[in-house]
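Residue numbers begin at 1 in each chain, while the letters A, B, ... track the order of the sequences. When reading the values below, keep in mind they use all heavy atoms of this one structure, side chains included, and skip hydrogens, waters and symmetry mates.
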There are 2 protein chains.
Amino acid sequence: MKITIANTEQHLRDHKIMPSVQRIRIFDTLLGTTEHPTVDTIYQTLAKEIPTLSKTTVYNTLKIFQEKGLVLVVNIEDNETRYDADTSFHGHFKCQSCGSVIDFAISEEDKINSLNGFQVNESHYYLKGICKECINKQSINN
Amino acid sequence: MKITIANTEQHLRDHKIMPSVQRIRIFDTLLGTTEHPTVDTIYQTLAKEIPTLSKTTVYNTLKIFQEKGLVLVVNIEDNETRYDADTSFHGHFKCQSCGSVIDFAISEEDKINSLNGFQVNESHYYLKGICKECINKQSINN
DNA sequence: ATCATTGCAAACACTTTGCATACGC
DNA sequence: GCGTATGCAAAGTGTTTGCAATGAT
């Protein structure tokens with residue numbers, strides 16, 4: 001889902017993060033997409049407008065965002081770490097055909113908040129399968 | 001949860017996997033533990049009894065098991081790929097203090113099987129927090 | 001004899017670290 | 001001017017690949 005933040009600079013300040021150009025643009029890139037990009041995707045996207053950008057900075061910045069709770073890590077696949085600026089409770093669906101990762105809504109009632117004496121801090125729901133578009137493509141090809 | 005398989009050799013044959021010593025022992029190692037080991041943990045465990053064992057073989061074998069549906073990959077953390085011989089529907093809890101990964105039961109009704117036209121093949125539920133043991137330890141220290 | 005499995009070594013990809021430079025207040 | 005952020009290069013880690021040796025039928 002696409003999230004709206006009125007003022008990224010202020011938003012970063014509110015979370016005690018110095019709003020450098022790199023950090024603002026990295027956060028805005030995450031806000032402006034629904035595809036849960038990887039470090040490399042973010043880097044490739046921004047390298048065009050910030051030619052001096054280093055991948056290290058993208059790594060550092062996302063780590064800070066994560067620590068301050070501005071972004072969530074999406075661990076749906078073992079060989080790709082994706083990031084999501086939508087920190088509200090929702091699920092992720094990965095299409096095994098086209099590879100895209102799509103958000104889906106989960107009602108707050110279905111969220112597991114307690115577990116026999118354990119303290120639950122994060123809940124992640126991941127589904128894998130074939131998305132609607134790929135199902136349609138398959139039926140055309142057959 | 002600990003799973004019981006009467007005869008690993010036959011079990012592998014049933015899934016069209018040649019039951020080599022390495023494969024049998026790797027599968028039995030997964031069956032004999034509840035800690036969702038990584039490739040390295042499995043390798044370290046078995047290297048004692050099979051000194052010639054190669055990590056490549058552990059990788060290859062787990063990939064085959066995964067493809068044939070004998071094991072599930074647990075992607076709860078971005079920097080560690082864990083494996084689970086229990087392929088039944090259940091959730092995983094990772095303790096952010098001691099690092100252990102613990103199974104928990106989810107009722108079959110809570111499983112998401114359909115999603116507006118998408119074909120769902122796998123459901124993964126991951127929680128993170130502090131386990132009971134670590135909560136107790138903390139209260140002793142304070 | 002043939003085909004599959006194993007395991008070493010090298011290659012690879014992703015991520016982190018060390019450190020000098022540049023920037024912001 | 002001082003403290004932080006950046007970005008290059010190097011190191012580190014986990015995983016895959018190529019290939020020769022070994023093992024099973």
Side-chain angles (χ1 to χ4, degrees), chain A residues 8-13 15-29 36-68 70-71 73-83 99 101, chain B residues 8-29 36-68 70-83 99 101:
Chain A
T8 298
E9 186 175 333
Q10 191 56 47
H11 189 63
L12 296 185
R13 282 195 206 284
H15 288 81
K16 308 246 162 71
I17 299 169
M18 267 223 53
S20 71
V21 172
Q22 288 87 339
R23 290 173 176 174
I24 291 172
R25 294 302 298 124
I26 290 169
F27 193 73
D28 280 343
T29 301
H36 314 83
T38 61
V39 163
D40 194 62
T41 306
I42 296 169
Y43 171 74
Q44 298 298 340
T45 304
L46 288 177
K48 295 164 197 160
E49 67 173 87
I50 312 174
T52 60
L53 181 66
S54 156
K55 212 176 263 190
T56 303
T57 301
V58 182
Y59 276 108
N60 289 339
T61 302
L62 288 171
K63 186 180 233 177
I64 294 170
F65 287 172
Q66 189 189 340
E67 286 165 359
K68 306 282 187 180
L70 267 77
V71 303
V73 177
V74 179
N75 283 321
I76 197 166
E77 204 73 79
D78 58 348
N79 57 353
E80 55 180 31
T81 303
R82 291 164 170 266
Y83 294 86
V101 173
Chain B
T8 297
E9 187 175 332
Q10 191 56 48
H11 189 65
L12 296 186
R13 281 194 206 285
D14 291 346
H15 288 81
K16 307 247 161 70
I17 299 168
M18 268 223 53
S20 71
V21 172
Q22 288 87 339
R23 290 173 177 174
I24 291 172
R25 294 301 298 123
I26 290 170
F27 193 72
D28 280 344
T29 301
H36 314 83
T38 61
V39 162
D40 194 62
T41 306
I42 296 169
Y43 171 73
Q44 298 299 340
T45 304
L46 288 178
K48 295 165 195 159
E49 67 174 88
I50 313 174
T52 62
L53 182 67
S54 157
K55 213 177 260 190
T56 303
T57 301
V58 181
Y59 276 108
N60 289 339
T61 302
L62 288 172
K63 187 180 233 177
I64 293 169
F65 287 173
Q66 190 188 342
E67 286 166 359
K68 305 281 186 182
L70 268 77
V71 303
L72 282 183
V73 176
V74 180
N75 283 322
I76 197 165
E77 204 73 78
D78 59 347
N79 58 352
E80 55 180 32
T81 303
R82 291 164 171 266
Y83 294 86
V101 174

field: Check ion pair B/R13-B/E9 (N to O, under 4.0 angstrom)
entry: yes
query: Separation of B/L62 atom CG from C/dG7 atom P, in whole Å?
result: 14 Å
A/I17 CD1 - C/dG24 P separation (whole Å): 18 Å
task: Output yes when a side-chain donor or acceptor of B/H36 lies under 3.5 Å from a complementary backbone atom of B/V101, and no otherwise.
output: yes
statement: Rounded to whole Å, the CD1-C1' distance (B/I24 to C/dT6) equals 15 Å
- request: Find the distance between OG1 (B/T8) and CG (B/L70) and round it off to the nearest 0.5 Å.
  value: 9.5 Å
Of B/M18 and B/V39, the one whose closest DNA chain D nucleotide lies more 5': B/V39
- request: Could you tell me which residues satisfy side-chain contact (heavy atoms from CB on, under 4.5 Å) with B/T38, sequence neighbours excluded, listed by chain and number?
  value: B/D40, B/T41, B/E80, B/R82
- prompt: Hey, what do you get for CD1 (B/I26) to OH (B/Y43), rounding to the nearest 0.5 Å?
  reply: 11.5 Å
task: Drop me the distance from A/T52's OG1 to A/I50's CD1, to the nearest 0.5 angstrom.
output: 7.0 Å
field: Length of the line joining A/N79:CG and C/dT15:P, which is rounded to integer Å
entry: 10 Å
message: What is the first contacted nucleotide of DNA chain D and what is the last, in 5' to 3' order, if contact means an atom lying under 4.0 angstrom from a heavy atom of chain A?
response: D/dA5 to D/dA9
- request: Please round to the nearest 0.5 Å and tell me the distance separating atom CZ of B/R25 and atom CG of B/L53.
  value: 10.5 Å
- prompt: Tell me: CZ of B/R23 to C1' of C/dT5, nearest whole Å?
  reply: 6 Å
- request: Calculate, to the nearest 0.5 Å, the distance between atoms NE2 and CD1 belonging to B/H15 and B/I17 respectively.
  value: 7.0 Å
message: Measuring from the side chain of A/T81 (C-beta onward, heavy atoms only), which nucleotide among C/dT15, C/dT5, C/dT16 has the closest atom?
response: C/dT15
field: A/T61 (side chain) donor-acceptor with A/T57 (main chain) under 3.5 angstrom
entry: yes
message: Just to be sure I understand the rule, does B/E80 reach a base, reach only the sugar-phosphate, or reach nothing, if contact means heavy atoms closer than 4.0 Å?
response: nothing
task: Could you state the atom-to-atom distance from CG of A/D40 to C1' of C/dC14 in whole Å?
output: 9 Å
message: Using a 4.0 Å cut-off on heavy atoms, which residues in residues 42-59 of chain A reach DNA chain C? List them by number, or say none.
response: A/T56, A/Y59
